[in-house]
Amino acid sequence: MKRIVFATNNQHKLDEIREILGSKFEVLSLNDIGCHEDIPEDHDTLEENALQKAQYIVDHYHVSCFADDTGLEVDALGGEPGVHSARYAEGTDHDSEANMQKLLLKLGNNNNRQARFRTVIALILKTDDDCQVHCFEGIVEGRIAREKKGREGFGYDPIFVPDGYDESFAQLGMDIKNHISHRARAVAKLAEFLSKDHELCSLS
């Protein structure tokens, strides 16, 4: 089984990624490699943030790694919250309830509810002589519900209804979400790439 480091300690993300990648890969978290630092992600785009996180692990732990960054982009809000999705509500960090409340308040009664989730995965493969950088993107279009519905998932899942469905990600459940989500689409591209016998990290 191939082993690959995912630059996160977010258990929701880990569970989702492990479910999508299946038994072909052993996905190691930051805790698994002894990384407990607060990795910076202070750029203006999802791509730059994902690369920053992956590069940090490669530089400090000398292993191949992938990292992701995800943003919810709402048309009526000019693409907000975008790269600031996890910290949208002032003074918070990954406070899903506060983030959703702020989004719903700003959107108000606007009938334009069109939105999309976008995930970018940055993979850095470290070899003895070089590092190879690859990026994979996944997008799912949808709309913002007028109120929260459902208990599964995390983040903005209770207020995001993907195109082709009448229920939110939090109502649809992880089985369906893991087949159609932005992250699922990006991870599918990652898995296809990794299946081509690329050399991965060797951890002691």
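The analysis underlying the following values was restricted to heavy atoms, covering all of them including side chains, and did not include hydrogens, waters or symmetry mates.
With sequence neighbours excluded, no residue satisfies salt bridge (charged side-chain N to carboxylate O under 4.0 Å, His left out) with Glu19. Looking at residues two or more places apart in sequence or on another chain, you find a ring pair (Phe, Tyr, Trp, His ring centres under 6.0 Å) between Phe66 and Phe6. With sequence neighbours excluded, no residue forms a side-chain hydrogen bond (donor to acceptor under 3.5 Å, both in side chains) with Glu167.
Between the Arg113 side chain and the Ile144 main chain, a donor and an acceptor come within less than 3.5 Å of each other. Remark: the backbone N or O of Ala86 is paired with a side-chain donor or acceptor of Asn99 at under 3.5 angstrom.
By the 4.5 Å heavy-atom criterion applied to side chains, Tyr56 and Pro40 are counted as neighbours. Under the 4.5 Å side-chain criterion, counting only non-hydrogen atoms from C-beta, Thr119 is not in contact with Val187. Counting only heavy atoms from C-beta outward, the side chains of Phe160 and His182 never approach each other to under 4.5 Å. In this structure, the side chains of Pro162 and Leu172 come closer than 4.5 Å at one or more pairs of heavy atoms. Ile4 has its side chain within reach of Leu123: a pair of non-hydrogen atoms, C-beta onward, lies under 4.5 Å apart. Met100 places a side-chain heavy atom less than 4.5 Å from the side chain of Pro158. In this structure the side chain of Ile176 reaches within 4.5 angstrom of the side chain of Tyr165, judged on heavy atoms. Between Gln52 and Asn49 there is a side-chain heavy-atom pair separated by less than 4.5 Å.
The hydrophobic cluster containing Val27 does not contain Met174, counting ILVMFWY residues as joined when their side-chain heavy atoms lie under 4.5 angstrom apart, directly or transitively. Two different hydrophobic clusters hold Val133 and Phe136 under the rule that ILVMFWY side chains link at heavy-atom gaps under 4.5 Å. Under the 4.5 Å side-chain heavy-atom criterion for grouping Ile, Leu, Val, Met, Phe, Trp and Tyr, Ile159 is connected to Val74 within one hydrophobic cluster.
Rounded to the nearest 0.5 Å, atoms CD1 (Ile20) and NZ (Lys177) are 8.5 Å apart. Atom CG of Leu107 sits about 7.5 Å away from atom CG of Asn112, to the nearest 0.5 Å. How far CG of Leu28 is from OG1 of Thr8: 13.0 Å, rounded to the nearest 0.5 Å. Atoms CD1 and CG, on Ile57 and Leu30 in that order, are 5.0 Å from each other to the nearest 0.5 Å. Taken from CG in Leu51 to CG in Leu46, the straight-line distance is 11.0 Å, to the nearest 0.5 Å. Atom OG in Ser168 sits 9.5 Å away from atom CD in Glu152 (nearest 0.5 Å).
Listed by chain and number, the hydrophobic cluster partners of Phe154 come to none, as no ILVMFWY side chain reaches under 4.5 Å of it. Ile139 belongs to no hydrophobic cluster with other residues, because no ILVMFWY side-chain heavy atom falls under 4.5 Å from its own, directly or through intermediates.
Residue Lys149 qualifies as open at atom NZ: its count of foreign heavy atoms under 6.0 Å is 12 or below. For His179, the NE2 atom is loosely surrounded, since the number of other residues' heavy atoms within 6.0 Å does not exceed 12.
Using bins of under 30°, 30° to 60° and over 60° for the plane-to-plane angle, the ring pair Phe193/His134 lands in the tilted bin.
Judged by distance alone, the side chains of Ser29 and Asp32 do bring a donor and an acceptor atom under 3.5 Å apart.
Annotation: salt bridge (Lys or Arg N to Asp or Glu O under 4.0 Å) contacts involving residues 33-45, sequence neighbours excluded, comprise Glu41-Lys53, Glu41-Arg87.
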